[in-house]
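What follows is a single structure, written as structure tokens, with notes after it.
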Amino acid sequence: MVEIRLADGKSVSAQEGESWQELANRLGVPAVAVLVDGELVDIRNPVRSGKDVRLLTLDDDRATEALRHTAAHILAQAVRRLYPGVKLAIGPAISTGFYYDFDFPQSVSREDLAKIEEEMRKIVAEDYPVERVLLPRAEAEELLRQEGETYKLELLSEIPDQEISFYRQGEFIDLCRGPHLPSTGLVKHFKLLDLAGAYWRGDATRVMLTRIYGTAFARAEALEEFLRWREEAKRRDHRRLGPQLDLFSIDNEGIGAGLVLWHPKGARVRHEIERFWKERHFAAGYQLIYTPHLGRANLWQRSGHLDFYREGMYSPMDIEGQEFYIKPMNCPFHISIYKTKTRSYRDLPIRYAELGTVYRYERSGVLHGLLRVRGFTQDDAHIICRPDQVEEEIRGVLKFALEMLRTFGFTEFAAHLSTRPVKYVGQPEDWDRATEALRRALEAEGLPYDVKPGEGAFYGPKIDVDISDSLNRAWQLTTIQFDFNLPERFDMTYVGPDGQPHRPYMIHRALLGSLERFFGILIEHYGGAFPPWLAPVQAVVLPITDAQIPYAQQVAEKLEEAGLRVEAWTRGGRSLGHQIREAQLQKIPYMLICGAREAEAGQVSLRLRTGQDLGPQPLEEAIRRIRGAVESRQTEL
RNA sequence: GCCGGCGUAGCUCAGUUGGCAGAGCGGCGGUUUCGUAAACCGCAGGUCGGAGGUUCGAUCCCUCUCGCCGGCUCCA
């Protein structure tokens with residue numbers, strides 16, 4: 001007998017060898033999968049004891065993974081029917097749906113997706129039961145060999161088990177771990193989305209397969225919502241909004257891929273970001289520094305970059321017989337400043353901050369608007385401190401980071417703590433102290449985090465903070481990393497109370513990541529409609545007829561005197577509706593409308609970007625409102 | 001880099017089964033002076049991404065090249 005404790009606290013007992021399906025039937029639950037102590041399990045599997053067992057029905061979000069996995073199999077089955085000779089690779093469920101990788105005998109394009117989807121609908125209508133089949137290893141191998149599934153054979157060779165699980169639906173059978181839904185008829189709401197190349201096992205030295213992406217949901221509304229979400233993401237794409245709002249451009253042919261041109265409006269946003277960033281850094285005890293873009297080969301030799309980071313660096317240039325490299329990182333320069341004199345324990349902590357522009361080689365195919373570029377400015381800083389200061393410093397940085405991100409309108413965070421990998425430098429005691437400091441800082445801030453064991457860099461443990469944007473997409477921004485490598489390599493020291501040299505701790509951190517990437521994320525988060533303090537143009541003055549042009553100019557001057565970024569649209573000949581539409585498309589937060597009545601009374605009619613009409617009011621009142629929103633750096637108008 | 005798709009006016013896009021290159025928006029000139037998301041008329045604007053080839057003739061077909069978009073393990 002097996003004792004099973006259900007989520008509602010009740011316990012049930014089941015026969016040894018009984019399946020979850022039989023148990024669910026006995027309890028009258030229309031379950032399609034099971035969650036046993038947090039692990040998704042196939043409903044056909046034999047029962048096992050568990051402390052927290054949930055029988056999942058189709059509409060349970062936690063069953064979605066099984067639903068999508070089954071959808072992937074239906075895709076593979078359809079492709080098999082339509083393209084004899086195709087070989088199957090892998091087809092998992094992913095966070096946004098599922099995919100399946102194929103080796104097609106012929107080339108397949110997007111236009112073929114409709115045909116494949118149609119075949120999938122037939123398979124759903126045919127409603128095959130999905131059976132789990134356990135085969136002895138030899139038989140499994142024989143089956144795959146018969147089918148010519150060379151990729152599956154490779155996967156099989158890596159499975160240690162002697163009994164191999166397959167899933168069968170109709171004429172289709174696939175090597176698969178599961179779990180799956182009980183039948184294909186349950187996959188009602190799905191759509192194929194995309195087609196792309198993907199290396200077998202993600203390895204660029206191996207063959208290129210064709211990957212078909214799709215998604216599936218239990219409810220039609222959820223699928224529709226997902227498709228709407230995708231459309232919205234497309235609409236907010238910073239690569240579309242950037243040129244549209246005249247924020248930036250990238251001239252691949254004229255200048256080079258991955259190199260960003262900041263137009264006046266984008267540069268204004270950047271300036272406001274930098275201004276705020278510097279103000280806060282000074283307040284937090286950082287010292288601002290500037291360092292060059294080039295450094296001699298021996299610098300990069302000593303830092304180890306030439307040994308470990310060469311593929312990310314550009315070829316050296318020759319200057320009077322000396323090799324120079326353009327910098328991929330700022331650290332060696334910061335360290336060089338530290339080393340210009342003897343440092344006392346009393347001098348620490350030292351916090352050097354720089355908006356440092358670096359250049360890194362990225363393969364052409366991975367470049368992506370502002371999010372992945374070859375030249376970018378890191379909001380970099382290095383904290384050099386004594387062992388007894390580590391904890392306070394880390395807490396300070398984390399708190400500082402969250403404060404800054406909140407000001408930019410991000411409120412949802414998730415952190416990751418990455419610990420010591422197998423290959424590492426430095427002393428284990430240092431690693432432990434550093435890791436503990438990171439952990440305690442996360443707890444002090446009440447930040448939810450997960451631990452990624454062994455995921456730290458070879459030179460130190462780290463915290464990464466992801467934000468989630470207005471479309472619920474996660475972006476990694478802040479990173480706080482210990483470095484036990486460079487202080488050693490550069491022999492950084494401070495003189496302790498004992499008069500002896502000691503090795504300081506060095507913490508490397510970036511809060512926003514890079515200004516380019518952060519700007520791209522901001523554009524998408526706000527859909528180009530920046531909060532007033534960041535908006536390149538904060539207000540626009542619109543004269544209703546040409547007679548109000550002089551008044552509009554006066555109004556604009558008043559706003560300028562109040563320190564606001566304002567445009568007066570005085571070219572004339574445009575209807576109010578036209579001007580409003582224009583201002584709306586440019587996402588200018590405030591529109592000050594001047595007609596004859598307003599000019600007469602020294603008023604303006606205030607319209608917000610949100611479409612809200614606040615009506616006529618004294619000019620001073622409008623200015624007060626706008627200044628208030630700007631100075632408080634609030635996200636609302 | 002690799003696989004698939006795509007490059008036509010400043011922008012969004014039509015189009016030609018190989019025969020003088022099209023619209024809307026934007027720009028410019030004029031008319032209109034207008035109350036909360038597009039007034040009206042006219043004009044200019046193109047090496048049809050680039051190079052080579054096939055052809056009487058290429059934006060269209062072929063080859064190469066440059067660039068863009070989607071993607072390149074969330075392990076069966």
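Since the model is a prediction, treat every value here as computed from it, not as a measurement. Letters go in sequence order (proteins before strands), and every chain restarts at 1.
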Could you work out which one of [options] sits closest to the side chain of [X]?
X	options	answer
A:Glu598	B:G35, B:A37, B:A76	B:G35
A:Asp194	B:G70, B:U36, B:C72	B:G70
A:Leu576	B:C3, B:C75, B:U36	B:U36
A:Arg607	B:U36, B:G35, B:G70	B:U36
A:Ile580	B:U73, B:A76, B:A37	B:A37
A:Ala198	B:U36, B:C72, B:A76	B:C72
A:Asp546	B:U33, B:G71, B:U36	B:U33
A:Ile94	B:C74, B:A76, B:G70	B:C74
A:Arg211	B:A76, B:U73, B:C2	B:U73

Provide the Watson-Crick or G-U wobble partner of [N], both distances under 3.5 Å; none if there is no partner.
N	value
B:G22	B:C13
B:G27	B:C43
B:C61	B:G53
B:G7	B:C66
B:A37	none

Taking the nucleotide of RNA chain B with the closest heavy atom to each, which residue, A:Arg177 or A:Ala257, is nearer the 5' end?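 Result of the comparison: A:Ala257.
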If each of A:Gly369 and A:Leu209 is mapped to the nucleotide of RNA chain B with the nearest heavy atom, which maps nearer the 5' terminus, i.e. the 5' end?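 The 5'-side residue here is A:Leu209.
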For A:Tyr100 together with A:Phe98, are the ring centres under 6.0 Å from each other?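 No: the rings miss the under 6.0 Å criterion.
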Can we call the ring centroids of A:Phe217 and A:Phe226 under 6.0 Å apart?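 Aromatic pair counts; centres sit under 6.0 Å.
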Applying a 4.0 Å non-hydrogen cut-off, can you work out what [X] is touching in the nucleic acid: base, sugar-phosphate, or nothing?
X	answer
A:Ser165	nothing
A:Arg132	nothing
A:Ala596	base
A:Gly572	nothing
A:His73	nothing
A:Ile90	sugar-phosphate
A:Gly595	base

Taking [atom1] from [X] and [atom2] from [N], how many angstroms apart are they, rounded to a whole number?
X	N	atom1	atom2	answer
A:Arg230	B:G70	CZ	P	11 Å
A:Leu608	B:U36	CG	C1'	12 Å
A:Trp200	B:C2	CH2	C1'	17 Å
A:Glu154	B:U73	CD	C1'	12 Å
A:Tyr100	B:C72	OH	P	18 Å
A:Tyr99	B:C72	OH	P	8 Å
A:Leu195	B:C72	CG	P	13 Å

Indicate yes or no: does A:Glu600 engage A:Arg597 in a salt bridge with an N to O separation below 4.0 Å.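 Looking at A:Glu600 and A:Arg597, the cut-off is not met.
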Would you check if the side chain of A:Lys191 reaches a backbone N or O of A:Ala216 as a donor-acceptor pair within less than 3.5 Å?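 It does not hold such a pair.
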Would you indicate, yes or no, if [N] has its OP1 or OP2 atom less than 4.0 angstrom from a side-chain nitrogen or oxygen of [X]?
X	N	value
A:Arg609	B:A37	no
A:Arg581	B:C25	no
A:His578	B:C25	no
A:Tyr213	B:U73	no
A:Arg239	B:C69	yes

Regarding [X] and [Y], do their side chains bring together a donor and an acceptor under 3.5 Å, going by distance alone?
X	Y	answer
A:Gln584	A:Arg607	yes
A:Tyr167	A:Asp42	yes
A:Arg230	A:Thr96	no

If you measure from the [atom1] atom in [N] to the same atom in [M], how many Å do you get, rounded?
N	M	atom1	answer
B:G19	B:G15	C1'	14 Å
B:A44	B:G24	P	14 Å
B:U47	B:G10	P	8 Å
B:U31	B:A38	P	24 Å
B:G7	B:U16	P	13 Å
B:C11	B:G50	C1'	22 Å
B:C61	B:C40	C1'	45 Å
B:A9	B:C48	P	10 Å

Could you tell me whether the side chain of [X] has a donor or acceptor atom within less than 3.5 Å of a complementary atom in the base of [N]?
X	N	answer
A:Ser575	B:U32	no
A:Thr210	B:C3	no
A:Glu582	B:G26	no

Over 12 non-hydrogen atoms of neighbours within 6.0 angstrom of CD in A:Glu621: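 Counting neighbours around CD of A:Glu621, more than 12 heavy atoms of other residues, nucleotides or ligands fall under 6.0 Å, so yes.
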Residue from A:His238, A:Arg235, A:Arg239 passing side-chain hydrogen bond (donor to acceptor under 3.5 Å, both in side chains) with A:Glu524: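 In the set A:His238, A:Arg235, A:Arg239, the residue that makes a side-chain hydrogen bond (donor to acceptor under 3.5 Å, both in side chains) with A:Glu524 is A:His238.
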